[in-house]
Amino acid sequence: MSVWTVERVAALAPDAGSASAGQGLASLKKWTLVAANAGVAGGAGGALWGLCQGSGKDPYQTRIDLAEPAFKCSCPSRKFPCKHALGLMLLYAKEPGAFKPQAEPGWVSEWLEGRKEKAEKKAEKAAGGGAPAKPVDEAAQAKRAAKRDDRVREGVASCATWLEDLARRGLAAAKGDASKEWERLAARMVDAQAPGLAALVRRTAEATASGEGWEVRTLDVMGRLHLLLRAAEKLDALPVDLAGDVRAALGFAQSKDEVLAGAGVADRWAVIGQAFEEEERLLVRRSWLVGACTGTPALVLDFSVIGAPGQVMDPSLVAGFEFEGELAFYPSRAPLRAAVKSRGTSGPLAAWTGSAAAGVGLLGYAKALAGNPWLARWPMVLTDATLARRGEAWEVVDGEGLGVPLRPAFVTGGGGGGGMGLWRLLSATGGRAATVFGEWDGEYLTPLAALVGGVYLGLAARWAA
Amino acid sequence: MSASPPARLKELAVAAVLGADRSGADAAGLLTGAAAAALRARAGRRMVAAAGAPDLCPVDPTPAAGRAASATLDRLLTDPDAGLIEEWSRLAIAAGRRVPDAAAPGVLDWWSRQPQRSAEVFQALGARGAWLAGLNPAWKRPVVSAEVPADAESRWEVAAGAERAALLQTVRRADPARAMAMVRSTWSDDGADDRRKFLEVLAAAPRPEEEAFLEAALDDRSKLVRREAARVLTRLPGSALRGRMNARAAAIIAGETQRKGLLRRQVVKITITPPQAFDKGWERDGIEEQVAGGKGKRAWWMRQILAAADLSVWTNASGLAPAETLEAAREDDFYADALLAILEAAGVMNPPPDLAWARALLAEAAGRKELAWEALAPLWTGRARDESEALRLEAAGVERFAPAARWRILGADERPWSPTFSGRALALLKASAGKKLEGWELWSGLDQASRLIATEAAGALEDVVGSLHEKDMPDGIRKILDRVRLRADMHREFQA
């Protein structure tokens with residue numbers, strides 16, 4: 001049976017509109033031809049193709065390389081993957097039997113050949129080191145970095161002054177309609193190229209208006225901000241790994257290439273869950289991974305500009321899949337963020353032994369926090385987990401009868417297919433034990449997925465409702 | 001520092017609200033302390049003994065729908081169409097399948113927000129449906145269910161109008177005597193609107209043992225209830241009310257044998273004589289004295305009587321078959337009014353009049369230009385599907401009707417079309433269309449057809465519509481055809 005379930009294919013859609021259009025095309029009637037090559041019978045790999053009659057004279061030629069997966073379609077859409085590719089793949093997920101093995105026609109084999117050649121060239125380049133395509137102007141780069149450091153230093157100084165002033169005057173005074181002043185400060189931090197500071201300033205403002213217990217939450221964020229500002233003041237004196245955490249917290253974009261050039265950690269990496277969040281005009285995808293052998297947790301971030309066509313997040317990171325490969329970690333006292341350095345065979349995540357979850361959970365979180373106090377989220381795996389109710393609130397309870405509270409937004413839901421997290425989890429388990437994957441933020445758990453009887457169930461909302 | 005980190009953070013927060021200046025603290029020290037306490041509190045969080053777990057959902061032996069059918073259901077939920085979700089549920093039940101667990105909350109949530117909550121959808125949810133509905137107060141249970149609740153009598157006493165009517169329907173299906181006892185137990189205290197609603201429940205299939213109660217309701221203090229009771233009794237075969245109506249009708253209709261023409265052939269002629277005066281006793285049986293429009297009073301009284309009488313009154317008067325009976329009355333001045341009343345009576349009669357009557361009336365109405373197609377609708381009301389289909393095909397074939405009327409006639413029964421009927425209907429539409437589908441009437445006819453047509457004929461429907469719109473198919477029509485395709489997929493997915 002194909003590893004491509006309808007749910008997994010749907011997760012590849014770049015937006016809700018494409019997902020729905022793709023569903024509409026996932027019907028044999030829409031295609032004058034659907035076929036597959038011999039590779040498909042083998043399991044995870046192989047290629048699919050189909051002809052779809054659109055509004056034009058000639059039918060669209062849609063091709064899919066399942067190994068990656070990769071897509072190519074002759075339609076003019078700037079969405080990627082386009083609705084035809086999604087429709088064809090959904091159709092394959094629904095009715096694999098309809099795709100009879102055939103010899104590849106020219107328009108398919110040429111594309112596959114081209115992909116193979118490119119991959120080989122890339123591998124050669126990586127193996128032989130090779131000269132970089134463009135000589136790096138190191139002097140200019142250093143100059144840019146120095147200029148940025150200056151601006152951030154200025155930003156840090158003005159933010160520190162503001163924060164101490166706030167602590168002196170008292171939160172009661174600031175609680176009024178100071179939001180405009182705070183927004184100005186946040187905007188100044190963005191200008192100072194420290195978006196991480198801007199986000200903390202905004203969160204302080206939000207905390208003052210968070211109702212009962214607002215003063216504790218506000219002071220909590222202020223403490224975090226204070227710690228960051230203090231560390232930023234002596235950034236140059238910090239060890240490399242800690243400096244990495246400070247830079248990340250300040251919101252520096254870190255070079256992925258540099259990270260990938262470093263050593264990798266090999267394991268069988270399970271993508272236990274994915275969360276999507278909108279930040280400004282950016283859609284951020286957090287993919288949580290856990291090494292099946294070592295229990296090492298990892299976080300891979302992907303970004304795409306909302307509304308920008310042609311942007312697609314790495315489709316090879318599919319929730320509920322695991323792959324043999326290497327991850328390269330960003331410099332940190334408590335390494336968590338990582339980039340995929342290499343990947344080999346992959347397959348669906350069908351079982352969780354539980355023994356490998358040593359690094360995840362509250363203890364792992366506490367240890368990581370000791371290294372990186374600005375850590376925002378941590379992955380959690382609860383085996384033999386059930387759901388329990390405490391008044392209006394719900395908890396996830398592990399096999400030993402101990403529970404953590406669920407994020408209220410997960411319980412109430414926000415409408416739309418993704419807003420029913422709790423209820424989908426309850427319905428899938430029927431109240432019985434399952435493995436639950438989620439994000440812990442120090443206060444609440446947000447479940448992202450569950451393994452119920454060997455079936456992976458994604459729970460996170462893919463698109464904002 | 002003896003306080004726990006969360007307590008320490010709270011202490012510091014009190015100082016922070018006042019401000020370091022007033023609380024005598026050092027601002028930087030306050031912030032550093034807060035950072036440390038908050039961090040300790042976060043790192044020190046431990047799992048706590050669990051709260052109460054809900055009861056387990058009973059194991060459902062029914063297997064979930066297959067992969068393809070489940071994917072189709074997911075698609076239906078992204079843009080919910082009540083008809084399609086209900087059809088999916090019926091197909092699942094027939095195939096011995098149920099809604100997959102992952103989709104159950106979405107279906108239940110959608111269903112709970114529907115004004116008409118189909119019992120089939122809830123049934124297709126299986127054990128999960130009732131279990132989930134019990135955990136989330138926002139979700140509902142079916143109003144009319146297959147099982148009679150054990151506490152039906154006590155719920156009957158406390159529930160509100162619509163729920164009581166639904167409860168009555170449920171109980172009556174299983175135990176009509178128990179349902180009647182429930183109605184009687186509160187009848188004298190119930191409001192007029194409730195009383196009318198309960199009678200409406202009986203109207204679907206009134207029973208002889210309910211006649212005495214209904215007769216008594218003809219003297220109800222509320223006019224609404226009296227009218228409804230009369231309507232129900234009209235639908236009860238052999239009721240005393242029908243007998244009274246038949247006697248009144250017989251006084252209106254008279255057949256006589258005349259000799260006509262050179263050969264002095266025997267010809268039967270029916271004369272129609274509307275009542276001269278209004279009998280106050282008629283009011284009790286639901287006959288209105290005052291006329292609504294500008295019609296003559298006598299014709300109005302006559303119409304109400306004939307519409308509630310058996311059609312056998314006519315054949316008894318003529319001694320002829322239905323078609324000849326109509327012919328014998330055709331010359332009469334009151335025939336046009338009488339024909340409308342007969343058509344109405346055909347829709348009220350329970351069981352419906354035999355096919356010879358329906359065919360004779362159809363042929364008669366076809367020739368009368370003043371009658372719109374809607375006047376024919378009573379002819380197929382309440383009939384078995386094959387009879388209804390045969391009559392609708394005949395009606396849709398009436399030459400004077402425009403294409404829009406044909407589509408509407410074919411779709412004027414809520415039951416799904418049989419494959420044979422689907423094929424014949426399409427052939428008829430194809431032969432009579434000849435131009436583009438324009439205007440809402442045509443579209444709504446096509447829309448209705450797309451919901452009812454047998455999925456075996458889905459391709460043929462596409463061909464018919466496609467041949468009318470080779471180049472420029474409007475999006476609206478394209479969407480309607482998509483629905484037919486989706487239904488065809490759905491049926492196929494449950495056969496596999």
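In the text below, chain A, chain B and the rest are named by the order of the sequence lines, each starting its count at 1. Computation of the quantities below employed the complete heavy-atom set of this structure, encompassing side-chain atoms and omitting hydrogens, waters and symmetry-equivalent molecules. All figures in this text were calculated on a predicted structure; none of them were measured in a lab.
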Q: Count the heavy-atom pairs under 4.5 Å between each of B/Ala104, B/Pro54, B/Ala138, B/Ala127 and chain A, then report the option with the highest count.
A: B/Pro54
**Q.** Smallest separation among heavy atoms of A/Leu402 and B/Ala49, with atom names
**A.** CD2-N, 3.8 Å
Q. With only heavy atoms counted, which part of B/Val59 is less than 4.5 Å from chain A, the side chain, the backbone, both or neither?
A. both
Q: Can you tell which part of B/Asn136 gets under 4.5 Å to a heavy atom of chain A, answering side chain, backbone, both or neither?
A: both
Q) Heavy atoms, side chains only, cut-off 4.5 Å: are A/Arg390 and B/Val48 in contact? A) yes
Q: Sort B/Trp110 into side chain, backbone, both or neither according to what part of it lies under 4.5 angstrom from a heavy atom of chain A.
A: neither
(Q) I'd like to know whether CZ of B/Arg22 has more than 12 heavy-atom contacts from other residues, nucleotides or ligands below 6.0 angstrom. (A) no
(Q) What part of B/Arg42 gets within 4.5 angstrom of chain A, counting heavy atoms only: side chain, backbone, both, or neither? (A) both
(Q) So which atom in B/Leu39 and which in A/Pro373 form the shortest heavy-atom distance, rounded to 0.1 Å? (A) CD2-CB, 3.4 Å
Q) Hey, is the main chain of B/Asp101 close enough, under 3.5 Å, to the side chain of A/Ser427 for a donor-acceptor pair? A) yes
Q. Which bit of A/Val216 is near chain B, if near means a heavy-atom gap under 4.5 Å: side chain, backbone, both or neither?
A. both
Q) Taking atom CE of B/Met490 and atom OG of A/Ser27, what is their separation to the nearest 0.5 Å? A) 12.5 Å
(Q) Less than 4.5 Å to any heavy atom of chain B: does that hold for the side chain of A/Leu387, its backbone, both, or neither? (A) backbone
Q: Of all the heavy-atom pairs spanning B/Ala27 and A/Ala167, show the shortest one and how long it is.
A: CB-CB, 4.0 Å
Q | Which portion of A/Lys367 sits near chain B, non-hydrogen atoms under 4.5 angstrom | A | neither
Q) chain B heavy atoms under 4.5 Å from A/Glu215: which part of the residue, side chain, backbone, both or neither? A) both
Q.
At a 4.5 Å cut-off on heavy atoms, which part of B/Ala488 comes close to chain A: side chain, backbone, both, or neither?
A. side chain
Q) Pick from A/Leu28, A/Leu90, A/Val396, A/Asp398: which one has the most heavy-atom pairs with chain B under 4.5 Å? A) A/Asp398
Q. Of the listed residues (A/Glu395, A/Glu95, A/Arg230, A/Arg432), which shares the most heavy-atom pairs with chain B below a 4.5 Å separation?
A. A/Arg432
Q: Can you tell which part of B/Thr32 gets under 4.5 Å to a heavy atom of chain A, answering side chain, backbone, both or neither?
A: both
**Q.** Least distance between heavy atoms, A/Ala93 atom then B/Arg67 atom
**A.** O-NH1, 2.7 Å
Q) Checking A/Leu163 against chain B: side chain, backbone, both or neither under 4.5 Å from a heavy atom? A) both
(Q) If we define contacts as heavy-atom pairs under 4.5 Å, which of A/Asp441, A/Val452, A/Leu362 has the most with chain B? (A) A/Leu362
Q. What residue in A/Gly170, A/Ala366, A/Gly430 has the most heavy-atom pairs under 4.5 Å with chain B?
A. A/Gly430
Q.
Is A/Thr386 in contact with chain B via its backbone, its side chain, both, or neither, using a 4.5 Å heavy-atom distance?
A. neither
(Q) Taking side chain as everything from C-beta outward and backbone as N, CA, C, O, which of these in A/Thr218 sits under 4.5 Å from a heavy atom of chain B? Side chain, backbone, both or neither. (A) neither
Q | Nearest non-hydrogen partners of A/Leu363 and B/Arg46, listed with the distance | A | CD1-NH2, 4.0 Å
Q: Among the options A/Ser20, A/Gly401, A/Pro405, A/Ala368, pick out the one with the most heavy-atom pairs lying under 4.5 Å from chain B.
A: A/Gly401
(Q) To the closest 0.5 Å, what do you measure between NZ (A/Lys94) and CZ (B/Arg75)? (A) 7.0 Å
(Q) At a heavy-atom distance under 4.5 Å, which candidate from A/Leu369, A/Val397, A/Leu457 has the highest pair count against chain B? (A) A/Leu369
Q | Side-chain touch A/Glu400/B/Met47, heavy atoms, less than 4.5 angstrom | A | no
Q) Got A/Val404 and B/Arg45 here, is their nearest side-chain heavy-atom distance under 4.5 Å? A) no
Q.
Tell me which of these, B/Leu9, B/Leu31, B/Leu108, B/Leu132, has more heavy-atom pairs under 4.5 Å with chain A than the rest.
A. B/Leu31
Q. What part of A/Leu382 lies closer than 4.5 angstrom to a heavy atom of chain B: side chain, backbone, both or neither?
A. side chain
Q) Using non-hydrogen atoms only, which part of A/Arg217 is less than 4.5 Å away from chain B: side chain, backbone, both, or neither? A) neither
Q | Pair A/Lys29 + B/Asp482: basic N to acidic O under 4.0 Å | A | no
Q. Is the closest side-chain heavy-atom distance between A/His226 and B/Leu30 below 4.5 Å?
A. no
**Q.** Proximity breakdown for A/Glu164 and chain B, heavy-atom pairs closer than 4.5 Å
**A.** both
Q: Please name the pair of heavy atoms, one in A/Trp423 and one in B/Leu135, separated by the smallest distance, quoted to 0.1 Å.
A: CH2-O, 3.6 Å
Q: Enter the distance from A/Leu219:CG to B/Lys10:NZ here, rounded to the nearest 0.5 Å.
A: 13.0 Å
